[in-house]
Amino acid sequence: MSDAPNSMIAIKDELERIEEDCIHSGKAQFNAGVRWSRYHLLLGVPAVILSALAGTAFFKDQPEIAGVMSTIVAILTALSTFLKPSERASSHKGSGDQYLTLRNDARVLRTIKLDSACDEAAAIANLDEITKRRNELNQASAQASRSDFEKARKGIDEGEAAHRVDRKES
């Protein structure tokens, strides 16, 4: 016979771990998305401006200046095509969204459903499903950089990820 109260405590503890992992992973993914969005702008905006200026230089009969600007535009465009910063930004944001969804599902299970709507078998089945989703998400998500993760940790430690209701004094 299992010790149901102890197993339910262990399930709650594991759900809290999953929530914490998801908060850190999600925030790191969002940070990576912001960083790649910045790269997209840093490559794209100068390419657009230099392209227009190169055209102007060409029509003003300044072929050397037009040539240099066109070469820079080609380099920036090639880098953007190779690095695909817009796609990477979108991928990281999508992963961040999925981590937050998983965190929310784990929190609702832990704080609401576990005590009022689950017996031990249902609790284990729900935990198994959430664990499976987390593992799949970990495998499918692009890796965030160490600096993205450190920035996430710092922000979380400063309360960026805490809900107002969770900060209320008891």
Side-chain angles (χ1 to χ4, degrees), residues 11-58 66-114 125-167:
I11 291 169
K12 282 184 177 184
D13 288 348
E14 186 58 23
L15 288 168
E16 282 190 57
R17 287 182 195 98
I18 291 170
E19 288 175 60
E20 184 177 345
D21 286 349
C22 288
I23 290 169
H24 284 86
S25 296
K27 191 142 180 48
Q29 289 291 331
F30 286 131
N31 289 342
V34 168
R35 181 172 47 84
W36 280 104
S37 289
R38 198 173 317 120
Y39 293 160
H40 177 67
L41 291 173
L42 289 173
L43 292 171
V45 171
V48 169
I49 293 170
L50 287 172
S51 180
L53 292 174
T56 302
F58 176 76
V68 169
M69 288 184 195
S70 295
T71 300
I72 295 170
V73 168
I75 292 169
L76 291 172
T77 303
L79 282 171
S80 187
T81 299
F82 177 74
L83 294 174
K84 299 178 181 168
S86 180
E87 289 178 30
R88 289 184 190 213
S90 180
S91 174
H92 283 292
K93 186 203 178 296
S95 290
D97 289 339
Q98 290 178 51
Y99 276 113
L100 292 186
T101 297
L102 184 57
R103 180 205 59 186
N104 293 342
D105 292 347
R107 187 190 68 241
V108 168
L109 176 60
R110 178 180 57 83
T111 60
I112 298 170
K113 294 180 180 179
L114 215 53
N126 280 302
L127 176 61
D128 286 346
E129 178 59 30
I130 285 180
T131 299
K132 178 183 173 191
R133 285 173 51 201
R134 177 184 59 178
N135 292 340
E136 289 171 352
L137 185 53
N138 284 341
Q139 291 175 357
S141 296
Q143 187 171 356
S145 72
R146 186 75 184 158
S147 64
D148 294 327
F149 181 79
E150 293 299 329
K151 185 176 179 183
R153 181 184 303 175
K154 183 178 184 282
I156 291 164
D157 289 347
E158 292 173 357
E160 287 179 3
H163 293 100
R164 192 174 310 135
V165 69
D166 296 329
R167 291 187 295 235

message: My understanding is that only one of R35, K27, Q29 makes a side-chain hydrogen bond (donor to acceptor under 3.5 Å, both in side chains) with D148; could you say which?
response: R35

query: Between atom OG of S91 and atom CH2 of W36, what is the distance when rounded to the nearest 0.5 Å?
result: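 CH2 of W36 is found 11.0 Å from OG of S91.
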
task: State, to 0.1 Å, how close H92 and G33 come at their nearest heavy-atom pair, and which atoms those are.
output: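 Closest approach of H92 to G33: CB-N, 3.5 Å.
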
- prompt: Do other residues, nucleotides or ligands put more than 12 heavy atoms under 6.0 Å from F149 CZ?
  reply: yes

task: For Q143, look at atom CD and say whether over 12 heavy atoms of other residues, nucleotides or ligands are found less than 6.0 Å away.
output: no

- prompt: Is R134 close to D21 at the side-chain level, that is, under 4.5 Å between some pair of heavy atoms?
  reply: yes

message: Whether E20 and R17 form a salt bridge (side-chain N of Lys/Arg under 4.0 Å from carboxylate O of Asp/Glu) is what I want to check.
response: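 Salt bridge: no.
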
message: If the condition is side chain to side chain donor-acceptor pair (under 3.5 Å), which residues does E19 pass it with, not counting sequence neighbours?
response: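 Once residues adjacent in sequence are excluded, the partners of E19 under the side chain to side chain donor-acceptor pair (under 3.5 Å) criterion are R110.
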
task: Could you grab the distance from atom CG of L76 to atom CG of L50, nearest 0.5 Å is fine?
output: 7.0 Å

- request: Provide the closest heavy-atom pair for A106 versus I18 in the form atom of the first, atom of the second, distance.
  value: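 Of all heavy-atom pairs spanning A106 and I18, the closest is CB-CG2, 4.2 Å.
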
task: Assess whether side-chain contact (heavy atoms from CB on, under 4.5 Å) is satisfied between Y99 and S141, documenting all intermediate values.
output: CA-CA 10 Å; Y99 276 113; S141 296; 3.7 Å; yes

query: For A152 and A28, which heavy atoms make the closest approach, and how far apart are they?
result: CB-N, 3.5 Å

message: Which heavy atom of A161 sits nearest to which heavy atom of I23, and what is that distance?
response: CB-CG2, 3.7 Å

field: Closest non-hydrogen atom pair between A144 and A32, with its separation
entry: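 Scanning both residues, the minimum pair turns out to be CB-CB, 4.2 Å.
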
task: Give the C-alpha distance, both sets of side-chain angles, the deciding distance and a yes or no for salt bridge (charged side-chain N to carboxylate O under 4.0 Å, His left out) between K154 and E158.
output: CA-CA 6 Å; K154 183 178 184 282; E158 292 173 357; 3.0 Å; yes

query: Is any side-chain heavy atom of I130 closer than 4.5 Å to a side-chain heavy atom of N126?
result: no

message: Using 0.5 Å steps for rounding, measure from the NE2 atom of H24 to the CG atom of D157.
response: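 Answer rounded to 0.5 Å: 6.0 Å.
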
- line: Rounding to 0.5 Å, atoms OG1 (T71) and CE (M69) come to a distance of 11.0 Å

- line: dist L43:CG -> I75:CD1 (nearest 0.5 Å) comes out at 11.5 Å

- request: Evaluate the side-chain proximity of F30 to D97: yes if any heavy-atom separation is below 4.5 Å, no if none is.
  value: yes

task: Would you mind reporting whether T101 and R133 have side-chain heavy atoms less than 4.5 Å apart?
output: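 R133 reaches T101 side chain to side chain.
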
field: From L100 atom CG to S25 atom OG, the distance as rounded to the nearest 0.5 Å
entry: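 It comes to 10.0 Å.
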
